[in-house]
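The block underneath contains the structure these notes are about, expressed in structure tokens.
All values below come from the heavy atoms of this structure, side chains included, with hydrogens, waters and symmetry mates left out. Quick caveat, the model's predicted, so the values are computed rather than measured.
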Amino acid sequence: LFFQFLRDGMDFALYDCKTICKEEKIMTKEIRKPKLWEALIPIIFMMVFMILATVVWGVEPHVPIVLSCIVAALVAVRCGYTWQGISSAILDSINRAVEALLIIMCVGMLIGSWVWAGTMPAMVYYGLDIISAQAFLPLGCVLTAIVGLATGSSWTASGTVGVALMGIAMGLGINPAIAAGMVISGAYTGDKLSPLSDSTNVASASAGTPLYDHVTSMMTTTIPSFCIALVIYTVLGFAIADPAGYDATLTHEIQNAIA
């Protein structure tokens, strides 16, 4: 029994030494940047599998995204990264995205409270009396931009004020496609210029750039684009709105249905 115990102990010690040597070999493996073809593997895999999954198989896009993450992890292992380093990077990415997830949760609660409290129906009811057809497009674009800037979320602006403006557009006889474009233009302008925006915070954190430097750099493209869109919507407002041919019957019907 003594010799059996001694032999088992020696076998365990030998196995432990081999395991330690193997781990040290893995830990001391040189970490390198991926080559161009290695970096393209996860991107190509995600594009191809995303098309196959959504178009051919009818699967939700979450599945190909998860599989693409696995492929990216395998490429990282090939480049010398350990599982500990990969998992640490994953947790850091999740930590940076937590703020955006919380904002999205708050957006859902805000939209639900506005609908339950009757805020959006009231905006549609009184908006049909206050806003004229000529001034609707530029005024709605500015309004959604202000809401997006204040809340830091294009979803909030589109899901609250944007829904109300779509109802007003129907009452004023304005093309819903043009009204939807107006809502999106204003909402995304406010989202990009707001320091409360989830996408702005995630982008600046991922790039390691100060938040306000990131917002300032986006002003050079966002503000000119918004001004151009505002001019176009102003011209469209006077071009497509015909006060002489305006029928107030639909407006009264919408107001009576809300009331």
Side-chain angles (χ1 to χ4, degrees), residues 12-105 107-108 148 152-155 158 184 187-189 191-222 224-225:
F12 178 77
L14 182 61
Y15 173 78
D16 194 35
C17 290
K18 290 181 179 180
T19 304
I20 293 174
C21 292
K22 187 182 295 185
E23 290 180 354
E24 289 181 351
K25 184 178 180 181
I26 294 175
M27 292 296 292
T28 56
K29 187 176 180 181
E30 183 180 358
I31 298 177
R32 61 176 177 83
K33 291 184 178 181
K35 300 177 182 178
L36 179 60
W37 64 271
E38 291 175 334
L40 291 175
I41 288 177
I43 300 175
I44 296 175
F45 180 87
M46 182 177 66
M47 293 175 59
V48 173
F49 199 68
M50 182 77 74
I51 295 173
L52 291 175
T54 55
V55 177
V56 180
W57 300 327
V59 182
E60 294 293 332
H62 307 84
V63 177
I65 291 176
V66 173
L67 294 178
S68 301
C69 293
I70 297 175
V71 173
L74 295 176
V75 174
V77 171
R78 177 182 173 84
C79 295
Y81 289 90
T82 62
W83 169 245
Q84 183 179 1
I86 296 173
S87 61
S88 178
I90 293 173
L91 293 176
D92 290 340
S93 300
I94 295 175
N95 186 35
R96 289 196 297 265
V98 166
E99 184 178 357
L101 296 176
L102 293 176
I103 292 176
I104 292 174
M105 292 173 59
V107 167
S153 173
S154 58
W155 289 15
S158 302
I184 294 174
Y188 274 96
T189 298
D191 179 86
K192 294 305 173 187
L193 297 180
S194 175
L196 302 175
S197 171
D198 51 354
S199 59
T200 302
N201 280 274
V202 171
S204 61
S206 301
T209 306
L211 176 61
Y212 288 96
D213 291 346
H214 178 63
V215 173
T216 303
S217 65
M218 289 194 298
M219 288 183 179
T220 57
T221 56
T222 304
S225 302

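- Across all non-hydrogen atoms, the minimal contact from K33 to C79 is C-SG, 4.5 Å.
- A ring-ring contact (aromatic ring centres under 6.0 Å, His included) check over residues 57-100, counting only residues at least two apart or in different chains, returns the pairs F49-W57.
- For the side-chain hydrogen bond (donor to acceptor under 3.5 Å, both in side chains) test, no residue two or more places apart in sequence or in another chain qualifies with S68.
- Y188 pairs with exactly one of S197, S154, S225 by the side chain to side chain contact (heavy atoms under 4.5 Å, CB included) rule, that one being S154.
- Considering every non-hydrogen atom in both V215 and T200, the closest pair reads CG2-CG2, 3.8 Å.
- When every heavy atom of A39 is checked against every heavy atom of P34, the shortest pair comes out as N-CB, 4.3 Å.
- Judged as a side-chain contact (heavy atoms from CB on, under 4.5 Å), and not counting sequence neighbours, the contacts of D213 are T209, P210.
- Distance check, rounded to the nearest 0.5 Å: OG of S87 to CG of D92 gives 9.5 Å.
- Contact annotation: the side chain of L67 approaches that of V63 to within less than 4.5 Å [non-hydrogen atoms, C-beta and beyond].
- Note that CG of D191 is 9.5 Å distant from OG1 of T222, once rounded to the nearest 0.5 Å.
- Among residues two or more places apart in sequence or in another chain, the side-chain hydrogen bond (donor to acceptor under 3.5 Å, both in side chains) test is passed with S158 by none.
- Two residues are said to be in side-chain contact when any heavy atoms from C-beta on lie closer than 4.5 Å; I65 and M50 meet this criterion.
- When the side-chain contact (heavy atoms from CB on, under 4.5 Å) test is applied to W37, the partners found at least two apart in sequence or on another chain are K35, I41, R78.
- Within 6.0 Å of CE in M219 there are more than 12 heavy atoms belonging to other residues, nucleotides or ligands.
- Of the inter-residue distances, the one linking T82 atom OG1 with I31 atom CD1 reads 6.5 Å to the nearest 0.5 angstrom.
- Between the CD1 atom of I51 and the CE atom of M46 there is a distance of 10.5 Å, given to the nearest 0.5 Å.
- Residues in residues 50-75 take part in no salt bridge (Lys or Arg N to Asp or Glu O under 4.0 Å) pair, two or more places apart or across chains.
- Considering every non-hydrogen atom in both A76 and I86, the closest pair reads CB-CD1, 3.9 Å.
- Judged as a side-chain contact (heavy atoms from CB on, under 4.5 Å), and not counting sequence neighbours, the contacts of S204 are L211, H214.
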